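Note sheet for the following structure.
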Amino acid sequence: MKKKLLAAVLSAAMVLTLTACGGAGAPAASGEPAPAAEEAAAEETGDAAEAAAPAAFEETQHLVVAFPTWTGAPADTDKVTEEINKILRERYNIEIEMQIGDSGSYNQSTTLALSGGQQIDVLSTLFAGYANLVNQGYLLDLEEDGLLENYGQGIVDAIGQDFIDMCRVGGVLYGITNTRDYAVGRGCIAIDSAYLEGIGVEVPAADVNIVKTSQEEVENILAKLHEQYPDMEVYRPAANDLVQQTPIDQIGGNNFGVLLDYGEELKIENLFTSDNYMEFCTRMYNWNQSGYISKDAATDTTSVGSLMKDGIIMTYGTGGKPGSRVQESSLGKNITIYQTKEDYMGASAVASYPWAIPYTTANPEAAMTLMKALYTDKDVAMLFVYGIEGQHYVLDSEGLVDTASAPASGNYGTLSWLYPNQFLCTPTSGNPADLWEQVKAFNENSKKSVAAGFAFDSTPVATEIAACTNIYNEYQKQLEYGFLDPQVGIPEMNDKMMAAGLQTIIDEKQAQLDAWAANK
């Protein structure tokens, strides 16, 4: 039976972990599932769907949860973890250890841990690459032997079956997406409202999230800003501007073969010979030549958020969604957001970074039970995302979460949008109380890629992708930050990429996409 084989593999992995890691590794599980669960797992009929999961395990299960933040573990992580464990022990007889990495090292540390057999029971695939982890065999099939059905009750209801299915790779469910804005408002520009007032442009009311406008009006505003504040940097490009400011749909997480014009057709095309790319690079080139962009923009690695907070830039590109204005205004500025393009849900938007159970879990059933808690238990969610009420956050007069006014403000905080089900959480101050309902409607009403749910396996063209990536890195900022004439630079870059196998990548993506569509 598959589960018996899995158990043998897991046992071997745990022996390796304890031998190689000693006291430095995560502790093993302190108990086994309740007898009812053991009997269900041992049934030779394989009809595990009929087995009833225990409400709580007989012996305490110690599980490791791995996920990133921008800067690693907050100061009060241990304190918050213990409060979470009080709930988990009482309701499920589970306790967790939070293994929090920083965005820069999470991929490497996660891969090393999994390859070494180190215990991780639930993990976020953000920065680690969902498809990559699947291809390396590090993630469990979440539906095998009824794992999700029997131990993850409520998860499908929280996410929705359509979004669950979009996380399948080759028909197999290795991860579950988190609740968030799957769509993104394309063509959004964030502007410090103080500078708008300085050029006589009316600042929208506080309850106006995004102002829909034309590209021509944005160009007019930027020109006036430059004229009024000639010593200020008008706009600072960012590496993700291409996706946020154009209607392209990345396939496989790269630009080597994309869907154009909001992915209305299942046709993989060469981005670098498209009007979409030429128009974007030409716009950046014109802004650069007009003096809107700093001369060191291509080498300065400071984030646009920090530059805005420090008063160095007046505008930057962003993605639109419900609550965008409040989110961007957390920089300490009153931000106005203009949007020139459509709200769009790309092919890989839902499955970009699901939560998963690795093969190194000490107990798959306990890990799925923990997943259930993360997706369905509001008490756990509020602690995990915001910390302890009265210490790390307080509730404002409208009953919304205020982290800035709390006594231990800044001592705890995670990426709220990364949590498995942030819709369980109370929105933060300044947002509407019905923010999550707005986000759900936003997702529902957005334009959607015809390839939504398609997952590309890059293995057959890994060599070509590596070669094209090296070439793209050579040209990207020069072209997309406006330092190189696109009429000259784009053909030059494209010729090098074609020689390095770009067409081979495009053909492979098309073949896989056609096969996916035929079996959908």
Side-chain angles (χ1 to χ4, degrees), residues 1-14 17 29 32-54 57 61 63-66 92 94 114-115 117 119-125 128 130-178 350-351 353-376 420 453 455 457 516 519-520:
M1 189 175 178
K2 289 182 179 179
K3 181 163 281 189
K4 288 187 175 181
L5 177 60
L6 173 62
V9 173
L10 295 175
S11 297
M14 288 309 300
T17 300
E32 295 298 326
E38 287 181 324
E39 292 169 8
E43 287 181 356
E44 292 298 333
T45 63
D47 191 16
E50 295 181 359
F57 292 87
Q61 307 294 300
L63 304 180
V64 178
V65 183
Y92 312 102
I94 287 172
L114 295 177
S115 64
Q119 180 187 350
I120 300 178
D121 301 278
V122 174
L123 89 162
S124 165
T125 60
Y130 178 48
N132 183 52
L133 294 176
V134 170
N135 290 337
Q136 294 184 74
Y138 289 147
L139 305 183
L140 296 187
D141 176 352
L142 300 183
E143 294 175 313
E144 186 172 27
D145 295 329
L147 187 61
L148 174 61
E149 181 180 358
N150 294 326
Y151 294 88
Q153 300 93 336
I155 293 178
V156 175
D157 290 339
I159 298 298
Q161 189 64 54
D162 288 346
F163 294 141
I164 292 283
D165 290 338
M166 287 181 187
C167 294
R168 297 183 184 278
V169 179
V172 179
L173 186 67
Y174 295 101
I176 298 173
T177 189
N178 57 329
V350 175
Y353 40 88
W355 287 76
I357 298 176
Y359 84 101
T360 59
T361 178
N363 186 327
E365 290 84 3
M368 181 57 75
T369 301
L370 174 59
M371 290 267 276
K372 175 179 70 174
L374 297 177
Y375 279 93
T376 64
D457 178 6
W516 170 82
N519 294 322
K520 188 177 178 181

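Because the structure is predicted, anything quoted here is derived from the model rather than measured.
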So, [X] side chain and [Y] main chain: donor-acceptor pair closer than 3.5 Å or not?
X    : Y    : answer
N178 : W355 : no
N363 : E365 : yes
Y130 : C167 : yes
D121 : V64  : yes

Quiz item: Heavy-atom distance under 4.5 Å between the side chains of D157 and T376, does that happen here?
Solution: no

I need the minimum non-hydrogen distance between [X] and [Y], along with the two atoms involved.
X    : Y    : answer
L114 : P358 : CD2-CB, 3.6 Å
V122 : M371 : CG1-SD, 3.6 Å
Y375 : A158 : O-CB, 3.9 Å
P420 : L374 : CG-CB, 3.8 Å
V134 : L139 : CG2-CD1, 3.9 Å
P364 : I357 : O-CD1, 4.2 Å

Quiz item: Quick one: which of L140, L123, I120 gives a side-chain contact (heavy atoms from CB on, under 4.5 Å) with T360?
Solution: I120

Quiz item: Listed by chain and number, what are the salt bridge (charged side-chain N to carboxylate O under 4.0 Å, His left out) partners of D141, not counting sequence neighbours?
Solution: none

Separation of [Y] [atom2] from [X] [atom1] (nearest 0.5 Å):
X    : Y    : atom1 : atom2 : result
L142 : L173 : CG    : CG    : 5.0 Å
W516 : R168 : CH2   : CZ    : 13.5 Å
D145 : N150 : CG    : CG    : 9.5 Å
T361 : M368 : OG1   : CE    : 10.0 Å

